[in-house]
Amino acid sequence: MLNIPRSFYLNDTLSVAKALLGKILVRYLNGKRLAGIIVETEAYLENEESCHAYRGITARTKTMFEEGGIAYVYLIYGMYYCLNIVTESQGKGCAVLIRAVEPVDGIEIMQQLRKKTGLHDLASGPGKLAQAFNITKLDNGLDIAAGTALTIENHNDKDPEIMTTPRIGIKKAKDLPYRFFINGNQFVSQG
DNA sequence: TTAATGATGGGCT
DNA sequence: GCCCATCATTAAA
């Protein structure tokens, strides 16, 4: 039940993306706890084309240049938000996309936010996850390492078996093996 | 079962 | 104007 400190997020992005698997994403919404086990992530490095920060700082991407542990939230396809966690040092411009979690706490609230029943489709994709946790552009720039409204906890479970593949839904740098997920977990997106 | 498509809006080459 | 780190719905097979 321990909030993960900033030092965790200052490590290299690929290591952080893998280390986040099995950790607990926690959101406090109107005093209620929403939580899920992170089962799928993707890394975005500042030196490859598919990274938003690749072309430098803009109004949208300036959050990606904050220091590790800050939330970077952006609107995609006009209707969904994606939650990222900035990694490494201030000014670097890299982050980890949280793609899917396995719901643990606050499942009824997630079902209301998603307008769905059941468990499997609640947060098995980046847009679904943001909807289930009520994450919007208002959360852009929040300090996840500070451990307040939006945070990540380490429950000291054993390290999961990690699978690696190319990232999903991108056109550039599509072959880089920067997607990670927990082997066999049914809440990973796309099967 | 898989494949195709519409929704919807901010950022940018 | 076109692109986009998506999803739910519909159509086809």
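A, B, ... follow the sequence lines: proteins, then strands. Residue 1 opens every chain.
Evaluated for a side chain to side chain contact (heavy atoms under 4.5 Å, CB included) with A/F133, the options A/I98, A/L29, A/V101, A/L83 yield exactly one hit, A/V101. Screening A/I37, A/I38, A/V39 for a side chain to side chain contact (heavy atoms under 4.5 Å, CB included) with A/F187, the sole residue that qualifies is A/V39. None of A/E40, A/E48, A/E49 except one satisfies the salt bridge (charged side-chain N to carboxylate O under 4.0 Å, His left out) rule with A/R167; the exception is A/E48.
Put simply, CD1 on A/I135 is 15 Å from C1' on C/dA5, counting in whole angstrom units. Between A/L83 atom CG and C/dT6 atom P there is a gap of 14 Å when expressed in whole angstrom units. One atom, CD of A/Q131, and another, C1' of C/dC7, lie 9 Å apart when rounded to the nearest Å. As rounded to whole Å, 3 Å separates atom C1' of C/dA5 from atom OH of A/Y74. One atom, CG of A/L176, and another, P of C/dA5, lie 14 Å apart when rounded to the nearest Å. Atom NZ in A/K115 sits about 16 Å away from atom P in C/dC7, given to the nearest Å. With rounding to whole Å, A/E49 atom CD is found 15 Å from C/dC3 atom P. Going from atom CG of A/D121 over to atom C1' of C/dT9 covers 13 Å, rounded to whole Å.
For A/H52 and A/Y44, the gap between ring centers reaches or exceeds 6.0 Å.
A/L176 and A/M163 end up in the same hydrophobic cluster when Ile, Leu, Val, Met, Phe, Trp and Tyr side chains are linked at under 4.5 Å. Under a hydrophobic clustering in which Ile, Leu, Val, Met, Phe, Trp and Tyr are joined whenever their side-chain heavy atoms come within less than 4.5 Å, directly or via other members, A/L25 and A/I182 fall into the same cluster. By the rule that hydrophobic residues join a cluster once side-chain heavy atoms approach within less than 4.5 Å of another member, A/F65 and A/V16 end up as members of separate clusters.
Residue A/R114 places none of its side-chain N or O atoms closer than 4.0 Å to OP1 or OP2 of C/dC7. The phosphate of C/dT6 has OP1 or OP2 within less than 4.0 Å of a side-chain N or O from A/R99. Checking the phosphate oxygens (OP1, OP2) of C/dC4, a side-chain nitrogen or oxygen of A/K171 falls inside 4.0 Å.
Between the side chains of A/E88 and A/N11, no donor-acceptor pair of N or O atoms lies under 3.5 Å.
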(request) Go along nucleotides 7-13 of chain B 5' to 3' and tag each nucleotide: B for a protein heavy atom under 4.0 Å from its base, S when only backbone or sugar atoms are that close, - otherwise. (result) BBBSSSS
(request) Fill in the dot-bracket string of DNA chain B, one character per base: . for unpaired, | for a pair to another strand, ( ) or [ ] for pairs within the strand, taking Watson-Crick or G-U pairs under 3.5 Å. (result) |||||||.||||.
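Between A/R27 and A/D139, at least one side-chain N (NZ, or NE/NH1/NH2) sits under 4.0 Å from a carboxylate O, which counts as a salt bridge.
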